[in-house]
Structure formats: C-alpha cells, structure tokens
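No experiment lies behind these values; they were computed from the predicted model shown. In this chain, residues are counted from 1 in sequence order.
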Amino acid sequence: MKPALIAAAALFASTAAAAQTEGAAPAAAAEVKVNQLIVYGEDRCPESTEEQINVCARLNERERFRIPTNLRDNPNDPVNQAWGARAVELQYVGRSGIGSCSPTGPGGMIGCYDQLVREARAERAGADGVNWERLIEEARQERLSKIDQKAAADEEAASGPR
C-alpha cells in the first residue's frame, strides 16, 4: 500500500513541475511592466522601454501641488450630506426583513445587495476620473505599431533590392 502511495505522489509532483516549467517561459517573455504616471502642464511623458510601458494621464498645471480632488474634503462629513439622505438613513435603523441587510427575517439579502450597489456608486463617484485601462491599451497599440513598422523595415532590408 505504501509503495503505491509513494509512486502516486511522485507522479503527481512530476506532472505539476512539468506544467509549471512549460507555462513559465512564455508568460515571463510576454509580461511587460506598465508604469502609470500623472504629468502636469507641458511636462513630457517618459519614453517607454522594451521592459516597461509608460502610460501618462495629463492634468492641468494648476493641479501640480494640490491634494487630489477625491481627497480634498471628507465625503462622510454630515455637513456634506443632504437632509433627505440623512432622513433615508434613519428609515433603516432597527429594520429587519425584506429590504434590510440583516441576517434575520426573510429577504435580508436583498437589502445587502442594495447596500453593496449604493457603496459601489459612492466609490465610483469619488474616483479620480482617469480611465487607466483605455490609456494602457492605447500605449500597447502604439508600441505594437512601432514593432510592426520596424519588422517590416527589417524584412525589406533583408530581402535586398529586386
């Protein structure tokens, strides 16, 4: 019984190690670091290198030494909340059952989902407004177009005059 277990463990370890070595080389070669920067005014964005793509978001020069807009004031300060919002919050005090986020009563999970949606909307409203995914994709496409142009030039030079 023990030799069979040892053989099964050895077989499992060898297949796991082979799977790790097969997938490691292409993933490491294809992985390029992305550096996300914010530049101000007419500052230049640093050039991308072979190992790193620089993606820059440009802000107005007046914003250089200011605290970011999403951190300038306290959104949870009661002064920043409308009286209607405070009244709605008081509506949920001690509530259980449908529409509440409570483990008691039927339908408490509906209120938990509603609470999650409200928190996500508040978080999105406080975001910095820079679409990093779009900027990264544009930088990647620009980089790929340069690689394609260089490859075409190299092929043309290698083929020589006709």
Notebook entry, point to check: For Arg64, what residues pass the side-chain hydrogen bond (donor to acceptor under 3.5 Å, both in side chains) criterion, not counting sequence neighbours?
Noted result: Asp43, Glu61

Check: Is the closest side-chain heavy-atom distance between Ile136 and Gln36 below 4.5 Å?
Finding: yes

Margin query: Does Ile67 have more than 12 heavy atoms from other residues, nucleotides or ligands lying within 6.0 Å of its CD1?
Written below: no

Note to self: With salt bridge (charged side-chain N to carboxylate O under 4.0 Å, His left out) as the rule and sequence neighbours excluded, what pairs involving residues 144-155 come up?
What the structure shows: Glu142-Lys146, Lys150-Asp154

Item checked: Exercise: identify the closest heavy-atom pair between Glu51 and Arg143 -> N-NH2, 4.3 Å

Margin query: According to side-chain contact (heavy atoms from CB on, under 4.5 Å), who are the partners of Leu37, at least two apart in sequence or on a separate chain?
Written below: Asn35, Pro46, Cys56

Notebook entry, point to check: Is atom CZ of Arg121 surrounded by more than 12 heavy atoms (other residues, nucleotides or ligands) closer than 6.0 Å?
Noted result: no

Check: Taking the side chain as C-beta and beyond, is there a heavy-atom pair between Val34 and Gln52 under 4.5 Å?
Finding: no

Check: For Glu42, does the CD atom sit with more than 12 other heavy atoms under 6.0 Å from it, leaving out its own atoms?
Finding: no

Margin query: Minimum heavy-atom separation for Glu47 and Asn54, please, with both atom names.
Written below: O-ND2, 3.0 Å

Item checked: Check: Glu63 and Tyr40 side chains under 4.5 Å, non-hydrogen atoms -> yes

Next item on the list: State plainly whether one hydrophobic cluster holds both Ile53 and Leu135, where clusters connect Ile, Leu, Val, Met, Phe, Trp and Tyr through side-chain heavy atoms under 4.5 angstrom apart.
Entry: yes

Check: Which one of Arg134, Gln141, Arg140 satisfies the side-chain hydrogen bond (donor to acceptor under 3.5 Å, both in side chains) criterion with Glu138?
Finding: Arg134

Check: Measuring from Glu119:CD to Asp114:CG, what's the distance to the nearest 0.5 Å?
Finding: 11.0 Å

